[in-house]
Amino acid sequence: MSKLLIVKNLHASTESKELLHGIDLRVDKGETVVVVGQNGAGKSTLARALMGVSDYLYSGRICFGEKDILKEPCEERAKMGIFLSYQDPVAIPGLPVSEMLRSALEARGIKKRLRDFKLELSQNLEKLKLNPFAGERELNVDFSGGEKKKLEILQMLILRPKLVILDEIDSGLDIDAARLASSVIHEYQKETNCSLIIVTHNMRILSSLNVDRVYVLRDGEVSCVGDVGMLEDIRKHGFKNA
Ligand code: ADP
Ligand code: MG
C-alpha cells in the first residue's frame with residue numbers, strides 16, 4: 001500500500017494549555033483507521049488539527065502525499081482532498097445545501113452542468129434515504145440529528161475526497177441509519193480507494209468496513225495502537241487496559 005498521511009510528533013495547544021502532546025499516526029491509501037478514546041482524550045482536537053480548522057497552535061509534521069501541510073489553511077487542505085465531518089455540524093441559515101455543494105465543487109475547480117449536478121444530488125439523497133427536497137433546505141437548519149449526519153456523508157459523496165475524517169458520524173444515527181451509513185461509506189471507499197479515519201464510540205458504524213488499525217488516545221497522546229481485535233477488548237472491558 002502507498003502512503004497517504006503521515007503524522008509525526010503533532011502538538012496542538014491553546015495559549016494556555018497543550019492539548020495534543022506529540023501524536024504519531026499513519027494512514028495508507030485505501031486504509032481504514034479507527035480512533036477511539038475516553039471523552040476529552042483529544043480525538044476531535046486531532047481531527048481538527050488534520051483538517052486545519054481551528055486557531056490552536058500546532059507543531060510537528062502532517063505529510064499528505066508528498067507535502068507537509070501543517071501550515072496550509074483548511075481551504076487548501078480541502079482542495080487537496082481532505083474532508084472532515086464535524087461532530088456537531090454547524091447550521092448556516094440562508095445557505096441551501098445544494099448551493100453549498102456547488103460552491104464547494106467550484107472552489108475545487110470542478111464545474112458541472114446543473115442538470116448533471118441535480119441528478120447526482122438526487123441519486124445520493126436517495127442512497128442516504130434523505131428527503132428528495134433536502135437539497136433545497138438551508139444547511140443543517142431544523143434537520144434532525146441523524147439527518148445532519150447524513151448530510152455530512154452527502155458532502156463526502158459529492159466532493160469525493162481522498163482522505164475522509166469522520167468525527168462521531170454515528171452519534172444521532174439510529175441502528176438502521178448507522179448500518180446504512182456504514183455501507184454507503186464502504187461503497188464509496190471501494191469505488192475511490194479513499195482512506196478513512198473514523199473517530200467513534202460506537203462499533204455499528206464499522207459494520208461494513210474492514211478496519212486496518214486502531215489508535216487509542218488518552219490525555220492527548222496515543223496510548224495504544226492495535227488491530228481490530230482491540231475494539232472488542234475495549235467494548236468488553238472499557239479503556240482501562242488500552
Ligand atoms: P474528545 O473529542 O476526545 O472527546 P476533544 O478533542 O474535544 O476530546 O477535547 C480534548 C480536551 O481538550 C478536552 O479536555 C477539552 O475540554 C480540551 N479543549 C479543547 N479545546 C479547548 C480550548 N479551546 N481551550 C481549552 N481546552 C480545550
Ligand atoms: Mg470529540
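Counting starts at 1 for both ligands and their atoms, in listed order.
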Look at [atom] and say which protein heavy atom is nearest, naming residue and atom and giving the distance to 0.1 Å.
atom: atom 5 (P) of ligand 1; answer: Thr45 OG1, 3.6 Å
atom: atom 11 (C) of ligand 1; answer: Gly40 O, 3.6 Å
atom: atom 19 (C) of ligand 1; answer: Tyr56 OH, 3.5 Å

Short side-chain to backbone donor-acceptor contact, [X] and [Y], under 3.5 Å:
X: Asn124; Y: Glu120; value: yes
X: Arg218; Y: Gln38; value: no
X: Lys43; Y: Gly37; value: yes

(request) Examine the proximity of ligand 1 to Thr14 and report which part, side chain or backbone, both or neither, has a heavy atom under 4.0 Å away. (result) side chain

(message) Pairs of nitrogen or oxygen atoms closer than 3.5 Å, one from Gln87 and one from ligand 1: do any exist?
(response) no

(message) Quick check: Ser44 and ligand 1, any N/O pair under 3.5 Å apart?
(response) yes

Only heavy atoms of [X], strictly under 4.0 Å: list the atoms of ligand 1 that pass.
X: Asn39; value: 4 (O)
X: Gly42; value: 1 (P), 3 (O), 6 (O), 8 (O), 10 (C)
X: Leu19; value: 12 (O), 17 (C), 18 (N), 19 (C), 20 (N), 21 (C), 26 (N), 27 (C)

(message) So for Gly37, does at least one of its heavy atoms come nearer than 4.0 angstrom to any atom of ligand 1?
(response) no

(message) Does the protein come close to atom 15 (C) of ligand 1 - that is, does one of its heavy atoms sit below 4.0 Å from that atom?
(response) no

(request) Kindly state if atom 1 (P) of ligand 1 has a protein heavy atom within a strict 4.0 Å cut-off, that is, under 4.0 Å? (result) yes

(message) For Glu99, is there an ion pair with Arg102 - N to carboxylate O distance below 4.0 angstrom?
(response) no

(request) In plain terms, say whether Lys111 and Glu106 are close enough for a salt bridge, that is, a side-chain N and a carboxylate O under 4.0 Å apart. (result) no

(request) Give a yes or no on this: more than 12 heavy atoms of other residues, nucleotides or ligands lie within 6.0 Å of atom CD of Glu232. (result) yes

(message) Does Asn193 have more than 12 heavy atoms from other residues, nucleotides or ligands lying within 6.0 Å of its CG?
(response) yes

(message) For the residue pair His186 / Gln189, report whether a side-chain donor-acceptor contact shorter than 3.5 Å exists.
(response) no

(message) Under a plain distance cut-off of 3.5 Å, with no hydrogens placed, do Ser195 and Glu31 share a side-chain donor-acceptor pair?
(response) no

(request) Give a rough value, rounded to 10 degrees, for the angle at the Mg ion (ligand 2) between atoms OE1 of Gln87 and OG of Ser44. (result) 80°

